[in-house]
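Take a look at the structure below.
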Amino acid sequence: MICPSCSFEFDPSRGLQCPRCGEAIDCSEIGCANCDACNDVFQQVTRRIRSKS
């Protein structure tokens, strides 16, 4: 994933916070196609439900 704030590329499976600038990235802003942090479809659905709560 590429951080929208500083353009640093990092592995989103370790968390959605950029290790360089600390920007917390919201799933609803980037979409699953640009992320790949979730291993499967069920994790993607769970993450989307949590972000809407």
Side-chain angles (χ1 to χ4, degrees):
M1 172 189 297
I2 297 175
C3 176
S5 296
C6 70
S7 301
F8 180 71
E9 185 173 356
F10 66 97
D11 182 6
S13 65
R14 297 180 180 210
L16 293 178
Q17 185 171 8
C18 177
R20 179 189 277 172
C21 71
E23 176 77 19
I25 300 166
D26 186 4
C27 286
S28 63
E29 295 174 359
I30 55 172
C32 292
N34 298 325
C35 179
D36 292 332
C38 304
N39 294 330
D40 60 30
V41 174
F42 295 111
Q43 284 183 326
Q44 293 176 10
V45 171
T46 303
R47 193 178 291 258
R48 285 184 182 179
I49 291 170
R50 287 182 184 161
S51 69
K52 290 182 180 182
S53 299

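No hydrogens, no waters, no symmetry mates; every other heavy atom, side chains included, goes into these values.
With contacts defined as side-chain heavy-atom distances shorter than 4.5 Å, the pair M1/F10 qualifies. Put simply, the side chain of F8 does not reach to within 4.5 Å of the side chain of C21, judged on heavy atoms.
For E23, the side chain to side chain donor-acceptor pair (under 3.5 Å) criterion is met by S5, not counting sequence neighbours. With sequence neighbours excluded, the residues forming a side chain to side chain contact (heavy atoms under 4.5 Å, CB included) with P4 are I25, listed by chain and number.
In this structure a side-chain-to-backbone donor-acceptor pair under 3.5 Å is missing from E9 to I2.
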